[in-house]
Amino acid sequence: MDVMVELRAVTKRFGSFHAVSEVDLQIKAGEFITLLGPSGCGKTTLLRMISGFETPTSGAVLLDGKDVTHEPPYRRDVNQVFQSYALFPHMTVQENISFGLRMKKVPKQELAERVRAAVAMVSLGGMEERKPSQLSGGQRQRVALARAIVCRPKVLLLDEPLSALDAKLRHAMQVELKQLQKKLGITFVFVTHDQEEALTMSDRIAVINKGRIEQLGDASQIYHRPKTTFVASFIGQANILRATVLSRSGERARVRLDGDIELLVNAEHLAGGAESALISIRPEKIALRKERHGDLENCFEAHVEDELFKGATDQLRLRTDSGLALTAVVANESSVQAALHAGDRVFCHLHPDDIVIVHEE
Amino acid sequence: MRLRTMSGIKLSNLLLCGWSGLVLIYLYLPILLLVVYSFNDSRMSVVWEGFTFKWYGQLFDELVAHLGDERRSPLIESLSNSVIIAAITTAFSVVLGTAGAFLLYRYRFPALRSITALIFIPMIIPEIIMGISLLIFFKTVELELGFTTVIISHVTFCFPFVLIAVQARLAGLDPSLEEAALDLGATPLKAFFLIMVPYLLPAIISGALMSFTLSMDELIVTYFTRGPKSETLPIKVFGMAKVGLNPMLNTISTVFIVATAMLVVFAESLKGTARRLPDES
């Protein structure tokens, strides 16, 4: 597939602060990519270098093969949906949406046609003559979206566009945005700190921390095969444990935790010759049983310290006899016999592929 | 325990109304007297001798005669001087004040606070000091006293009012607004005129009305910096009052008060819009 946006060793410094350090990233045409990270990690700065509001301290930004590093925003074929929407308060919905086309001097007839299509696409029919102050939050969001897509940009940049909406509307817009992207085939670069949003919508996710990309991959890779402790704990929950490497054979490695618990783990991210490593286990991957079950591989004993009711799931705090603390999440069991309670002894079963070697940040 | 009168209105409310009434009387009674005496049918303006529109008629006649070039009226001439000076002052104040506010908003630098404070000095400095210092300045640079010097003087204390109004509006500005315009293909110049100016307009108009009224009213600074041909209305009125209280004085003052009050009320109502708008975006 063609590369639409390419960042080559892009660095941005504000004074002595490194907002973005040596980032290389290739975004494919028609892709929905999410830049995910905590606030202050550099994801918005990265986006602003693609839109042209920031110039990299070093490195290059390529758009559709052309170097645009030093092009101002108004000469780049990208459009942005701002976090605050930034609708022009003195213009009607119609005037807001047609602004970009008027700047590009699109002929009157074509302009009217395209604005009508954009209004229909975001279901804002009948609102054309309203001012932004007469719209709800969700409607303003749609105007901001229509105002950007009506320009048919090569890349649409979205800076936390859903953060101002309430939870219900946010979920609806997630689905809608994803469908819109598929229909238009435009490359979307989406910035968010919300991991759920990232996992739901993206073709690929770039997890960003301290100005660097920690991991790039699809939602399943990011979730099931985190490379670092940061990725493992920022996306979803994770039990991070220190282990000694005993042996390694191909895809599997044998490690030992404190208290002589030996586990067979996925060795994909294990550096050659490493003697100790960190392992990450997702809480919902720990299968808990009251009796020992099947073979004894990857099974250890623990007791339930306390339980937290979370609606659909129960979150349990486990402690092994050797003192290791683990968090497990199990489906909420309505039958009294099957439910686990504080003080119960349990057997923890794990599949080797659910135990992933991670690197320290 | 709550004290209530017979009609059920709280006593505290009644007291508050009474107090407010006294304050209003204190503020407006002298002005009201001036307006009343402008309808007084007497040459001696402090003795009431009956109601008349005579002085207004005379004022109107003078205006017609002056405009029709029949007879030069010094009073009307000073009024037209005042309007010309106020209009030009306002034009300069709007440009300077808006540009100044925008620059202070856009560029952050170490001396920012001190510079902002310096801008307010012409607003609070005693007018007499302002007048003398300007006079010394104009003499030093050998500028002939006249319209130019009066306008320069008026701009110095008028433009801060525009600047403050625009600055207040800019404080509520979403910085993404300008970026959105650039992002949609507008050059920085277009973004300024298509997005920023309409956004700032209520503040600019309110500042402009303020500076127009201030310039129209100004006496002391003008007294020092005027030339022989740049007599303004307040100066003329002041001169007439020295000779004796003329009913025409009351008449022209009443016209003046009404016009000024209308401008101020309009400016204030715009300020209200200026404050409300940011929440709507």
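Throughout, protein chains are lettered first and strands after them, A, B, ... in sequence-line order, and every chain is numbered starting at 1. Worth knowing before you read on, the calculation uses all heavy atoms, side chains too, and leaves out hydrogens, waters and symmetry mates.
In terms of heavy-atom proximity, A:M103 sits nearest to B:L194 at CE-CD1, 3.3 Å. Heavy-atom minimum distance, A:V78 versus B:D183: O-OD1, 3.7 Å.
Residue B:A181 touches chain A through both its backbone and its side chain, counting heavy-atom pairs closer than 4.5 Å. Of the atoms belonging to B:P175, not a single heavy atom falls under 4.5 Å from chain A. Contact of A:F88 with chain B is made through backbone and side chain together, with heavy-atom distances under 4.5 Å.
How far CG of B:L182 is from CZ of A:R76: 12.0 Å, rounded to the nearest 0.5 Å. Considering CG of B:L184 and CD1 of A:I97, their distance stands at 11.0 Å, rounded to 0.5 Å. Note that CG of B:L177 is 9.5 Å distant from CZ of A:F82, once rounded to the nearest 0.5 Å. How far CD1 of B:I195 is from CE of A:M91: 3.5 Å, rounded to the nearest 0.5 Å. Atom CD of B:E179 and atom CD of A:Q80 lie 7.0 Å apart (nearest 0.5 Å).
Heavy-atom contacts from other residues, nucleotides or ligands closer than 6.0 Å to CZ of A:F53 number more than 12. Counting non-hydrogen atoms of other residues, nucleotides and ligands closer than 6.0 Å to CD of A:Q109 gives a total of 12 or fewer. In B:F120, the CZ atom is crowded: over 12 heavy atoms of neighbouring residues, nucleotides or ligands sit closer than 6.0 Å. Around atom CZ of B:F137, no more than 12 heavy atoms belonging to other residues, nucleotides or ligands sit under 6.0 Å away. Residue-environment remark: NZ (A:K182) stays at or below the threshold of 12 foreign heavy atoms within 6.0 Å.
For the options A:S51, A:S84, A:G52, heavy-atom pairs under 4.5 Å to chain B are most numerous at A:S84.
With contacts defined as side-chain heavy-atom distances shorter than 4.5 Å, the pair A:Y74/B:P188 qualifies.
Identified by a heavy-atom distance below 4.5 Å to chain B, the contributing residues of residues 143-169 of chain A are A:R147, A:C151, in residue-number order.
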